[in-house]
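First up is the structure itself, then whatever we jot down about it.
All heavy atoms count here, side chains included; hydrogens, waters and symmetry mates do not. In what follows, every chain begins at residue 1, and chains take the letters A, B, ... in the order their sequences are listed.
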Protein chains: 2
Amino acid sequence: MTTRRVNLNTESVDNYLKAIFALGGPEEERVSSTALAERLGVAPASITNMLQKLAASPKSLVEYESRRGVRLSPAGRLRALEVLRHHRLLETFLYEVLDYPIEEVHDEAERLEHFISERFEERIDAKLGRPKFDPHGHCIPALDGKMPAQHSKSLADIKEDGKFIVDSVADGDAALLKRLKAHGIIPGARLLVSSSSHEEFILRAGRAAQAFCLPRSLACAVRLRSSD
Amino acid sequence: MTTRRVNLNTESVDNYLKAIFALGGPEEERVSSTALAERLGVAPASITNMLQKLAASPKSLVEYESRRGVRLSPAGRLRALEVLRHHRLLETFLYEVLDYPIEEVHDEAERLEHFISERFEERIDAKLGRPKFDPHGHCIPALDGKMPAQHSKSLADIKEDGKFIVDSVADGDAALLKRLKAHGIIPGARLLVSSSSHEEFILRAGRAAQAFCLPRSLACAVRLRSSD
DNA sequence: GAAGCAATTTAGGCTTACCTAAATAAATTA
DNA sequence: TAATTTATTTAGGTAAGCCTAAATTGCTTC
Ligand SMILES: [Mn+2]
Ligand SMILES: [Mn+2]
Ligand SMILES: [Mn+2]
Ligand SMILES: [Mn+2]
């Protein structure tokens with residue numbers, strides 16, 4: 001009856017923790033197997049399997065009760081934030097130092113985040129001057145896992161026309177990101193939002209820029225803050 | 001009897017090809033299972049297993065005859081050189097751009113070489129100004145796999161005292177590399193070689209530097225060219 | 001309160017890349 | 001040449017991380 005100890009320092013475990021962190025939201029609610037399966041592109045049975053393994057391990061990275069969803073333990077949260085830090089530092093580095101176009105940084109960072117050393121992390125952080133935000137406008141967690149609360153709101157929740165500042169753009173959809181960029185919709189830009197219909201938003205960034213029609217289904221890709 | 005096709009784009013396959021390339025030497029001689037097992041830190045049975053897989057695959061990265069050793073096919077050679085290019089570009093990048101100490105670049109590059117994209121490769125190559133040599137003095141293969149012939153000779157083969165230029169230093173042994181660096185023994189340095197005994201070499205780099213005694217067993221870590 | 005449904009888990013497999021132990025082939029020595 | 005040693009391969013496992021198909025559970029709905 002030897003308790004066989006499993007190796008939890010794998011790319012796969014990192015990705016599970018990151019997904020639980022992201023889906024749990026700021027309230028860190030319990031995340032269902034189905035939601036995880038969908039996000040990770042994996043069969044639900046594989047999720048159950050991994051969660052049981054994670055929960056059973058002495059490191060206890062997650063709190064998991066059968067059929068009641070999962071959430072991160074403090075240790076699991078810290079690890080998720082560590083990987084998120086790698087990801088966002090890498091994105092910033094690829095963008096600032098290696099002149100990647102913004103829509104290509106995400107995929108590269110998604111791979112490399114699991115393999116860089118603490119030294120590499122430290123060196124790019126220093127090279128970049130300890131940045132606080134990545135090129136999409138997302139906050140980079142500190143070394144100790146601290147991250148200031150965000151005060152942005154999703155474009156999807158905007159009910160009335162108005163002027164805003166673009167806070168951040170989602171990093172996952174390269175094609176959309178490229179179109180947003182082409183219309184000047186990048187973090188920090190002034191944005192005029194109007195909604196002609198229930199179907200879409202009309203966005204106008206800066207002054208000279210041409211208007212951009214964004215379907216409501218994609219509106220959650222843009223986050224705003226007030227332009228005072 | 002379905003011929004199940006195997007995935008050959010793995011870190012492991014890369015490492016096998018690199019090891020065959022390195023052990024085959026400039027003549028690309030056949031490499032034995034035992035030599036590979038030793039180099040890769042793996043049981044001989046695992047070598048046989050992988051070589052059979054590589055040889056059986058339609059891509060045919062290696063030529064392998066049972067009990068007669070293995071060598072790279074043209075495709076396998078190209079892949080090995082591609083990975084070597086990644087490795088040496090990464091080392092140069094870590095050294096030049098991220099200010100790594102020379103003895104730490106190897107391990108980081110050894111991991112990352114398998115995961116960077118062609119874009120990453122291109123960007124660091126451009127950033128570095130298309131370098132021809134890595135920080136250890138090793139030649140960086142071109143994109144098409146071409147690499148000029150080397151004209152250096154191993155310190156281990158030096159029979160008489162004399163003056164030389166350090167051509168390159170081995171990248172694997174971090175502790176040795178650090179000591180060599182401390183005594184000014186780095187690629188491009190002028191080096192006075194004398195051998196007081198059969199046991200060791202006495203090396204003096206530049207002018208003011210203190211002499212350094214290197215056991216003959218480690219002499220293969222330093223390669224020289226004539227100082228005309 | 002039983003039936004139906006959706007979410008989740010269990011059971012049984014697969015692939016990759018390792019391992020050890022046993023068998024075999026080749027080379028060396030006597 | 002026969003015996004011994006060494007190198008290599010075969011045979012049979014293991015662990016991770018995934019899969020599909022078949023239970024099972026918990027909740028709705030009639
Ligand atoms: Mn880190
Ligand atoms: Mn980002
Ligand atoms: Mn490449
Ligand atoms: Mn090198």
>> So which atom in Glu91(A) and which in Ala109(A) form the shortest heavy-atom distance, rounded to 0.1 Å?
In response: CG-CB, 3.6 Å
> Which atom pair, heavy atoms only, marks the closest approach of Pro187(B) to Val169(B)?
Replying inline: CD-CG2, 4.4 Å
>> Let's go through Glu63(B) and Ser73(B) carefully: what are the C-alpha distance in whole Å and the side-chain angles of both, what is the deciding distance for side-chain hydrogen bond (donor to acceptor under 3.5 Å, both in side chains) to 0.1 Å, and is it a yes or a no?
In response: CA-CA 6 Å; Glu63(B) 292 167 26; Ser73(B) 72; over 6 Å; no
Using a cut-off of strictly less than 4.0 Å, decide whether [X] has a side-chain nitrogen or oxygen near OP1 or OP2 of [N].
{"X": "Ser46(B)", "N": "dC19(C)", "result": "yes"}
{"X": "Thr48(B)", "N": "dT9(D)", "result": "yes"}
{"X": "Ser33(B)", "N": "dA7(D)", "result": "no"}

I need the [atom1]-[atom2] distance between [X] and [N], as an integer number of Å.
{"X": "Asn49(B)", "N": "dA17(C)", "atom1": "CG", "atom2": "P", "result": "10 Å"}
{"X": "Glu65(A)", "N": "dA7(C)", "atom1": "CD", "atom2": "C1'", "result": "16 Å"}
{"X": "Asn7(B)", "N": "dC14(C)", "atom1": "CG", "atom2": "P", "result": "19 Å"}
{"X": "Met50(A)", "N": "dT9(C)", "atom1": "CE", "atom2": "P", "result": "14 Å"}
{"X": "Arg68(B)", "N": "dT6(D)", "atom1": "CZ", "atom2": "P", "result": "23 Å"}
{"X": "Leu36(A)", "N": "dT9(C)", "atom1": "CG", "atom2": "P", "result": "11 Å"}
{"X": "Leu51(A)", "N": "dG17(D)", "atom1": "CG", "atom2": "P", "result": "13 Å"}
{"X": "Ile47(A)", "N": "dC19(D)", "atom1": "CD1", "atom2": "C1'", "result": "13 Å"}

> Of all of residues 14-23 of chain B, which get a heavy atom below 4.0 angstrom from DNA chain C, listed by number?
Replying inline: Tyr16(B)
> Which of residues 53-64 of chain A sit near DNA chain C, with a heavy atom under 4.0 Å from it?
Replying inline: Tyr64(A)
> Closest nucleotide of DNA chain D for Glu11(A) versus for Arg67(A): which of these residues is on the 5' side?
Replying inline: Glu11(A)
> Mapping Gly41(A) and Ser66(A) to their closest nucleotides on DNA chain D, which lands nearer the 5' end?
Replying inline: Gly41(A)
>> Looking only at the side chain of Ala43(B) (C-beta and beyond, no hydrogens), which of the listed nucleotides dC19(C), dT16(C), dA11(C) gets closest?
In response: dC19(C)
> From the list dT16(C), dT9(D), dC19(D), which nucleotide is the closest neighbour of the side chain of Val42(A)?
Replying inline: dC19(D)
>> Any donor-acceptor pair under 3.5 Å linking the side-chain atoms of Tyr100(A) with those of Glu108(A)?
In response: yes
> In this structure, which one of Glu113(B), Glu82(B), His114(B) forms a side chain to side chain donor-acceptor pair (under 3.5 Å) with His87(B)?
Replying inline: Glu113(B)
> Do Glu110(A) and Lys18(A) sit within salt-bridge range, that is, some charged N less than 4.0 Å from a carboxylate O?
Replying inline: yes
> Does the pair Arg71(B)/Glu29(B) count as a salt bridge with the N-to-O cut at 4.0 Å?
Replying inline: no
> Just checking Ser12(A): base, sugar-phosphate only, or nothing, at a heavy-atom cut-off of under 4.0 Å?
Replying inline: sugar-phosphate
>> Would Arg216(A) and Glu199(A) count as a salt bridge (charged side-chain N to carboxylate O under 4.0 Å, His left out) here? Give the steps.
In response: CA-CA 6 Å; Arg216(A) 266 200 138 79; Glu199(A) 300 298 304; over 6 Å; no
